[in-house]
J.: 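Structure incoming, see below.
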Protein chains: 2
Amino acid sequence: MFEIIAEPNRRAILGLLVSSEQSVGEIERRLRMPQPTVSKHLRVLREAGFVESTVDAQRRLYRLRPEPFQEMDDWLEQFRRFWSGHVDKLERYLDRMDQMTQKKRKTK
Amino acid sequence: MFEIIAEPNRRAILGLLVSSEQSVGEIERRLRMPQPTVSKHLRVLREAGFVESTVDAQRRLYRLRPEPFQEMDDWLEQFRRFWSGHVDKLERYLDRMDQMTQKKRKTK
DNA sequence: ACGGAATATACGTGTCAAGGCATATATAGG
DNA sequence: CCTATATATGCCTTGACACGTATATTCCGT
């Protein structure tokens with residue numbers, strides 16, 4: 001999942017789709033990306049579950065699926081706790097205490 | 001930044017460091033990862049700003065820096081709006097309306 | 001059927017990053 | 001200084017993946 005969004009073009013595509021579903025051609029024009037490139041990235045995104053597509057005549061419309069984003073959000077959650085103000089400062093304080101304790105042991 | 005966390009070993013390292021700062025050896029033992037591998041990944045993480053290190057005799061202690069996580073969180077924010085309940089349902093509804101309108105145009 | 005629009009996919013190429021192994025470097029104690 | 005511990009880095013290999021070009025496939029109107 002994280003490997004998927006590591007690619008900048010795919011992030012750009014996702015950024016477009018968050019507004020509304022779009023066809024390959026629309027993505028192509030808005031991002032100035034060659035059509036085969038668009039299709040290839042969309043395939044990756046589709047297979048990874050980030051998007052789903054529907055057929056509209058010759059057009060394929062792509063839209064976001066929320067699940068992978070929720071999973072990423074879950075992963076990020078642990079770090080959010082880490083960086084929220086109070087916890088952050090306390091952790092650093094305790095780490096410093098811990099270091100001092102260890103240094104005392106070493107010098108013994 | 002996203003390319004950094006695309007690598008599973010690095011995510012694992014970050015997952016360890018969220019609890020408390022650690023030395024290379026501790027990471028090595030907890031993740032059962034060869035020492036040079038740990039060092040290499042830590043270097044990548046350090047250069048990308050995810051971690052910072054301090055020296056404790058022969059040991060290098062690594063700890064998290066919050067900024068990259070905050071940036072990722074910001075990026076995810078747009079999708080959070082997308083998947084929050086009400087907006088999500090409304091969007092889908094509007095998309096369906098949009099599709100119907102287009103189909104009517106086509107058949108005209 | 002044919003032609004056109006839209007898109008998916010095949011094929012080939014070049015780049016790059018992860019991992020393994022070896023070695024260099026940093027720090028401290030005796 | 002020597003020895004020990006801890007870690008960083010060099011070198012090489014290899015597989016993954018993005019991209020460009022070409023072609024195949026899907027769908028529809030006439």
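On a predicted model such as this, the values are computed, not experimentally measured, just so you know. Proteins come first, then strands; the chains are lettered A, B, ... in the order of their sequence lines, and each starts at number 1.
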J.: In residues 38-49 of chain A, which residues come under 4.0 Å of DNA chain C by heavy atom?
T.: A/Ser39, A/Lys40, A/Arg43
J.: Would you indicate whether the side-chain heavy atoms of A/Ile13 and A/Leu31 approach each other to under 4.5 Å?
T.: yes
J.: Does OP1 or OP2 of C/dT7 have a side-chain N or O of A/Ser23 closer than 4.0 Å?
T.: yes
J.: Take atom CD of A/Gln22 and atom P of C/dA6, then tell me their distance rounded to the nearest Å.
T.: 15 Å
J.: With respect to A/Tyr62, which candidate in A/Val24, A/Leu45, A/Leu16 satisfies the side chain to side chain contact (heavy atoms under 4.5 Å, CB included) definition?
T.: A/Val24
J.: Give me each pair satisfying ring-ring contact (aromatic ring centres under 6.0 Å, His included) with a member in residues 1-57 of chain B, each pair once, sequence neighbours excluded.
T.: B/Phe2-B/Trp75, B/Phe50-B/Phe69
J.: Please state how far atom CG in A/Asp56 lies from atom P in D/dT26, giving the value in whole angstrom units.
T.: 17 Å
J.: Using atom CD of A/Glu3 as one end and atom P of D/dA18 as the other, report the distance to the nearest whole Å.
T.: 11 Å
J.: Taking the nucleotide of DNA chain D with the nearest heavy atom to each, does B/Ser53 or A/Arg10 sit closer to the 5' end?
T.: B/Ser53
J.: Do the charged groups of A/Arg59 and A/Glu21 touch, with an N to O distance under 4.0 Å?
T.: no
J.: Output the single nucleotide from C/dT27, D/dA6, C/dT9 whose closest atom is nearest the side chain of B/Arg59.
T.: D/dA6
J.: Measure the distance from CE on B/Met33 to P on C/dG20 and round it to the nearest whole Å.
T.: 10 Å
J.: Does A/Tyr62 have a side-chain nitrogen or oxygen under 4.0 Å from the phosphate oxygens OP1 or OP2 of C/dA8?
T.: yes
J.: When the distance from CZ of A/Arg60 to P of D/dA24 is rounded to whole Å, what number comes out?
T.: 18 Å
J.: Rounded to whole angstroms, how far apart are CD on A/Glu28 and C1' on C/dA5?
T.: 12 Å
J.: Scan for salt bridge (charged side-chain N to carboxylate O under 4.0 Å, His left out) pairs involving residues 29-47 of chain B, sequence neighbours excluded, and state none if there are none.
T.: B/Arg43-B/Glu47
J.: Mind calculating the distance between CD (B/Gln58) and C1' (C/dT27) to the nearest angstrom?
T.: 5 Å
J.: How many whole angstroms separate atom CD of A/Glu26 from atom P of C/dA5?
T.: 17 Å
J.: Specify the angle, to 10°, made by the local axes at the two ends of the helix from C/dA1-D/dT30 to C/dG30-D/dC1 when five pairs are taken at each end.
T.: 10°
J.: Between A/Arg60 (side chain) and A/Thr54 (backbone), is there a donor-acceptor pair under 3.5 Å?
T.: no
J.: With sequence neighbours left out, write down each residue that passes side chain to side chain donor-acceptor pair (under 3.5 Å) with A/Glu26, or none if nothing qualifies.
T.: A/Ser23
J.: Quick check: closest heavy atoms across A/Pro68 and A/Ala48, and the distance to 0.1 Å?
T.: CG-O, 4.3 Å
J.: Name the closest nucleotide to the A/Gln35 side chain, picking from C/dA8, C/dG19, C/dT27.
T.: C/dA8
J.: Tell me every residue that passes side chain to side chain donor-acceptor pair (under 3.5 Å) with B/Glu67, counting only those two or more places apart in sequence or in another chain.
T.: B/Arg65
J.: Please determine, for the side chain of A/Pro34, which listed nucleotide (C/dG20, D/dC27, D/dG20) has the closest atom?
T.: D/dG20
